[in-house]
Amino acid sequence: MTVFDSIHYQDHEQVVFAADPASGLNTIIAIHSTALGPSLGGTRFYPYASEEEALADVLRLSQGMTLKAAASGLDLGGGKAVIIGDPTELKSERLWRAFGQFVDSLGGRYITAEDVGTTTEDMELVRRETRWAFGTPMSEGGSGDPSPATARGLIAGLRAVSARLRGDRDLAGLRVAIEGVGKVGYAYARFLTEARAEVIVADIDDAATERAVRDLGVKSVPPEDILSVDCDVLSPCALGGGINAETIPILGCSAIVGSANNQLATDQDAVRLAEAGILYAPDFVVNAGGLINVSHELRGYTEAGAFHQIDGIEKATARILDVAEAEGVTPNQAAIAVAQRRIDAVGGLHRFRPLRV
Ligand SMILES: NC(=O)c1ccc[n+]([C@@H]2O[C@H](COP(=O)([O-])OP(=O)(O)OC[C@H]3O[C@@H](n4cnc5c(N)ncnc54)[C@H](O)[C@@H]3O)[C@@H](O)[C@H]2O)c1
């Protein structure tokens, strides 16, 4: 397996591997950039088919975290961890504490939190070995599950898109199709019904669909039909890569605003969407609510402070759409440019930092 030859290796600063055979821990941490501050990104615990697949994922996700933090105006860099294996079989106190020691060995260059396959309770165990673990339960003074915060940020991004689509940031009557009503999708559907939007959901897990239909009174369609549902906005809240050359021609929406990371299979899909007249709100801009929420733990978490900054995603999204229009580029290109400009402008600031000897 090679790191530097991977197509996902984008000048990452540091990629480190660790194992603890006694607990079955096999893990990779990728630090893409610390230009703006310590790298922060969750730990994904997943039964990857191979080490190559895990490496590709951690490289891709950590680069995405750099963009997300920079575009959100945070003083944080991008990093991510993956643990290879089935979380339902492997999780143990020893595994988490070994992982915590590994995170600690990086001296704060990488800060971890929960992600797919990990929970706030897991982070409590990691924290016994390192101060560089956040997203611990609210009862412990942490910021808790980031999903409702992510959903809140999606609503903010959606308001900016609604203002573009129909000249009104009010969501009443907006027709929104949600793919995946898990932790984020369900909270988002709830906020939408409270705002009197019209919601259609689909999930491959029947129990998840039934819960949304029963508790929120939303409509549902089979998962294979959700992309082509006639709607104002499609919200991918399941897995990435769903927007691609095959699916774009069948989309029934006028815009896309969703939480899934890496929604576009390739950069070219942003151009395809623009050609199809579909407004795309870049995923790493509108799904930053969870990251913003957890970043507030670094300075002492208050919900009011975090939520205020998360609501700023509305303005950030509107700005990206403005830049895209003014510069004649796709919103995805505009968002990458905005993030990169911040890294270039502030990332080089070291004038008065004391020299380390
Ligand atoms: N949790 C967060 O705070 C957060 C933050 C940023 C980004 N994200 C991203 O948002 C997405 C959702 O995260 P989550 O925490 O809600 O995960 P989750 O696992 O709780 O929910 C995902 C849901 O999607 C469903 N699903 C999977 N494939 C599907 C398909 N093909 N069609 C329809 N439904 C499908 C699953 O059954 C599940 O109910 C992920 O891509 C995640 O990386 C999450």
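All values derive from a computational prediction rather than experimental measurement. Excluded from the calculations below are hydrogen atoms, water molecules and symmetry mates; all remaining heavy atoms, backbone and side chain alike, are included. Ligands are counted one by one from 1 in listed order, and the atoms in each one are counted from 1 as well.
- The hydrophobic cluster of F352 has no other members, since no ILVMFWY side-chain heavy atom comes under 4.5 Å of it.
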Mind listing the side-chain donor-acceptor pairs of residues 318-325 below 3.5 Å, one per line with the distance, residues two or more places apart or on another chain?
from: D322; atom 1: OD1; to: R164; atom 2: NH2; distance (Å): 2.2
from: E325; atom 1: OE1; to: R164; atom 2: NH1; distance (Å): 3.1

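- For L40 against M65, the heavy-atom pair with the smallest separation is O-CE, 3.5 Å.
- A continuous path of Ile, Leu, Val, Met, Phe, Trp and Tyr side chains, each step under 4.5 Å between heavy atoms, connects L291 with V126, placing both in one hydrophobic cluster.
- Using modelled atom types and a 3.5 Å distance limit, the side chains of Y280 and D269 yield no donor-acceptor pair.
- Under the side chain to side chain donor-acceptor pair (under 3.5 Å) criterion, the residue pairs touching residues 190-208 are R175-E198, with sequence neighbours excluded.
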Give every pair formed by an N or O atom of ligand 1 and a protein N or O atom closer than 3.5 Å, one pair per line with both atom names and the distance to 0.1 Å, or write none.
from: ligand 1; atom 1: 1 (N); to: S147; atom 2: OG; distance (Å): 3.3
from: ligand 1; atom 1: 3 (O); to: T150; atom 2: OG1; distance (Å): 2.7
from: ligand 1; atom 1: 10 (O); to: S259; atom 2: O; distance (Å): 3.3
from: ligand 1; atom 1: 10 (O); to: S259; atom 2: OG; distance (Å): 2.9
from: ligand 1; atom 1: 16 (O); to: K183; atom 2: N; distance (Å): 3.1
from: ligand 1; atom 1: 16 (O); to: V184; atom 2: N; distance (Å): 2.8
from: ligand 1; atom 1: 20 (O); to: K183; atom 2: N; distance (Å): 2.9
from: ligand 1; atom 1: 34 (N); to: I204; atom 2: N; distance (Å): 3.4
from: ligand 1; atom 1: 37 (O); to: D203; atom 2: OD1; distance (Å): 2.6
from: ligand 1; atom 1: 39 (O); to: D203; atom 2: OD1; distance (Å): 3.4
from: ligand 1; atom 1: 39 (O); to: D203; atom 2: OD2; distance (Å): 2.7
from: ligand 1; atom 1: 41 (O); to: A238; atom 2: O; distance (Å): 2.7
from: ligand 1; atom 1: 43 (O); to: R44; atom 2: NH2; distance (Å): 3.4
from: ligand 1; atom 1: 43 (O); to: N261; atom 2: ND2; distance (Å): 3.1

